[in-house]
Number of protein chains: 4
Amino acid sequence: MTMQQTDGAVRTAGRPRSEKAEKAIIEAALDILGEGSGVSELSIEAIAARAGVGKTTIYRRWSNKEDLVVDALASLKPPIAPLKGVSVRDDLVAYLQVVQSESVHVRTRCIMNIAMSQSDKHPRVAERFHEIAIKPRQELLSAVLERGMANGELRADLDVPMAMAILSGTMMWRTKWADGPLPADLAERIVDEVLLGFRPR
Amino acid sequence: MTMQQTDGAVRTAGRPRSEKAEKAIIEAALDILGEGSGVSELSIEAIAARAGVGKTTIYRRWSNKEDLVVDALASLKPPIAPLKGVSVRDDLVAYLQVVQSESVHVRTRCIMNIAMSQSDKHPRVAERFHEIAIKPRQELLSAVLERGMANGELRADLDVPMAMAILSGTMMWRTKWADGPLPADLAERIVDEVLLGFRPR
Amino acid sequence: MTMQQTDGAVRTAGRPRSEKAEKAIIEAALDILGEGSGVSELSIEAIAARAGVGKTTIYRRWSNKEDLVVDALASLKPPIAPLKGVSVRDDLVAYLQVVQSESVHVRTRCIMNIAMSQSDKHPRVAERFHEIAIKPRQELLSAVLERGMANGELRADLDVPMAMAILSGTMMWRTKWADGPLPADLAERIVDEVLLGFRPR
Amino acid sequence: MTMQQTDGAVRTAGRPRSEKAEKAIIEAALDILGEGSGVSELSIEAIAARAGVGKTTIYRRWSNKEDLVVDALASLKPPIAPLKGVSVRDDLVAYLQVVQSESVHVRTRCIMNIAMSQSDKHPRVAERFHEIAIKPRQELLSAVLERGMANGELRADLDVPMAMAILSGTMMWRTKWADGPLPADLAERIVDEVLLGFRPR
DNA sequence: ACATAATCGAGACGGTACGTCCCGTCTTGTT
DNA sequence: AACAAGACGGGACGTACCGTCTCGATTATGT
């Protein structure tokens, strides 16, 4: 946890911190990030203004932007992909479709950008992002792949981390560096192409 | 072209602009970017100081940071991967090894970060980056794949853009989101895994 | 008043402006003016540096140099000539001696220069200067002259404004355009010469 | 002389300097000074632009602003007061009237301001000004006073420098620090008042 | 009920960088 | 060689935010 006050402790005297202000701050930060700013563009002054809050109220809680961004990201309920279907192929298609559709939403894209670009400069932010946005998805994906290996839909000797990188990386590459408009059935085509190498021979 | 003065033709009156200053500016900008700054951290004042140049001399040429960064990126001779070997598999491995090794160099990483993260806010920068850093490599890769399709090493019906996305995306994903240390033979393993699906059946 | 914030009344929200900073700014401005600069040479940046203050702190109070100079001049307590002696002649001599001795001090000379030279370009500065530096002295002088007219030391029909101009103008002219070194008893000589025309016949 | 090229010398090779340019520069400088600028506000760039001349052409002739201003002032034909009348009183009145009427012209006022205010910072300018603008007038005035002393209109023991300071200083003071509108017969009134002390008893 | 005390919004503080303007110097090609 | 044009390194301008620091006002707890 990055907050500075221990939560579960003795109720100290004085006016308690306003939860409302806190939420407004987080929300304002996400709003601004969602408008395309990087961590550096994200200005405390702008957050304070948008949240209708004094700058002190922010600095009292987070000593730097990183910590605030970390908490803001954490508050983003990872709207994990829904439950799975029947065949591995269909699950993979569904998964990639979710990933693709998310990449349309501004907020998601910006979070993604932050995670990718600020990993050197703000490693804690990147780490936190990985934890909340990458890991759960990877676990989901990994479960699907292992189910396939178990039931014979996929090769038993499949290199799972590699397979996940192939699927996720391909989708990211296509959506990032697309030359033209993306095909409507992009997810299906990726899965079908990739599965050619994943299926038992 | 982003420079403000037309290059060809008329030899305008007055002292001509100094090429030396121009190079110093570009070099200083790349230096600073290479130290880990994003486009936003990149300060004109710092560039001017490092280049030993007045701010005017910068603003005379580029009216904003974006344009300067675009030209700076363009000046980075993409040290395109060297010539190819004999088999498609070895060429792909060699190509991915170059990509992987580049990702270690700070300057390249930063350029990469800029390209990826600033694509929303600074679309022209991203576009220029694509042109100088992505496209030539993709053409190289595409040539290798088509050679393979022609000589029977690869399936004749291979979806080339998809295949390129698989190779490049996988490498990027692995180097970006590596859980642990990267295997020494990463490039080989990616190629071998992927080729299983690319070879004729 | 030239300050931008209303002084009286309402105790606005937020941290109040620092009187210390204000004094430091005024003092720094006077220092620099005293070193021989005109209003134009007076740089806000230099004032800020010397006062140990941010430029904002200056601009928050005065929107331009003129206003600042006006307030700086106003802060110069005109160390009005001390009380008067017995005879009109001695009072006039004492008065002119003070004027002459002041003209040696750098600060006074510079203030004087500003007042005289900038009257066209910076009329408000000149006006303010007149109010704080000229008027009180003129009132003092006028009182002495009227005392003399009342008690018979001076002609009863003396043109007082004219008499004041004669005394002050002569002193200024002599100190400004002196051909050689000023006589030690300059004030006495002026008074004695001038009084020849001022005394009753 | 402040010009950098010896005038009476050998005709050196190359294109001769343009007299037209020179006149245009002087004229432009006087124009700008006449608009109310001090020596410091007077910018070479502005002069060059107004004169339709390259900055080099100015710097080739004068190495600094002072020198240029000196020559510009020198070019002002001191339109010395016209010949004298019959009585000393009438001559003095006529003289002061000229002085007063000149003080209305912008150019004269500005020259005056420069001379008065820049004497500390630009002593050569002040000296030159004294030579061309003060001295000839003072000599005129001094001649009138001495004529009066010779023919009995004035006291034989009159302190001439003091008398001149009284006349000139009074006029300057009145025109500079006038409280209200100047009386139409200002010159006459000054002379009449002052002469009360100058005449033989 | 009332002092104590941590919080709140507001906004001033010393700074840094911005992009503009002009300085006085220095190159150009032309006259 | 002198000319106009204009680029050069530099310095100050006034603005916008930075992150820190007071302010008076508010809101809870612990007598």
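Below, read A as the first sequence line, B as the second, and so on, with proteins coming before strands; counting in each chain starts at 1.
Residues B:V53 and B:A21 share a closest heavy-atom pair of CG2-CB, 4.1 Å. Across A:S75 and A:I26, no two heavy atoms sit closer than the pair OG-CG2, 3.5 Å. Nearest heavy atom pair, residue D:S18 against residue D:R61, reads O-NH2, 3.1 Å.
D:E45 places its CD atom 13 Å from the C1' atom of F:dG10, with the value rounded to the nearest Å. With rounding to whole Å, D:I58 atom CD1 is found 16 Å from E:dC26 atom P. A straight line from NZ of B:K55 to P of F:dC13 spans 13 Å, rounded to a whole angstrom. Atom pair B:I47:CD1 and F:dG9:C1' shows a separation of 16 Å (rounding to whole Å applied). Going from atom CZ of C:R50 over to atom P of E:dG15 covers 16 Å, rounded to whole Å. F:dA1 atom P lies 20 Å from atom CD of D:E19, rounded to whole Å. Separating the CH2 atom of B:W62 from the C1' atom of E:dG19 is a distance of 16 Å, rounded to the nearest angstrom. Atom pair C:I25:CD1 and E:dC13:C1' shows a separation of 11 Å (rounding to whole Å applied).
In this structure, A:S18 reaches the sugar-phosphate backbone alone: every heavy-atom distance under 4.0 Å involves primed, P, OP1 or OP2 atoms, never a base.
A close approach under 4.0 Å does not occur between any side-chain nitrogen or oxygen of D:R60 and OP1 or OP2 of E:dC26.
Below the 3.5 angstrom threshold, one finds no donor paired with an acceptor across the side chain of A:T56 and the base of E:dG9. In terms of polar N and O atoms assigned as donor or acceptor, the side chain of A:R15 never comes within less than 3.5 Å of the base of F:dT27 in a complementary pairing.
Along DNA chain F, the nucleotide closest to C:S43 and the one closest to B:G52 are compared, and the more 5′ of them pairs with B:G52. When each of C:I44 and B:V53 is assigned the nucleotide of DNA chain F bearing its nearest heavy atom, the one mapping closer to the 5' terminus is B:V53.
By the 4.5 Å heavy-atom criterion applied to side chains, A:I58 and A:K55 are not counted as neighbours. Between B:Y59 and B:I44, some side-chain heavy-atom pair lies under the 4.5 Å cut-off.
For C:Y59, the listed nucleotide lying nearest its side chain is F:dG14; candidates were F:dG19, F:dG14, E:dG24.
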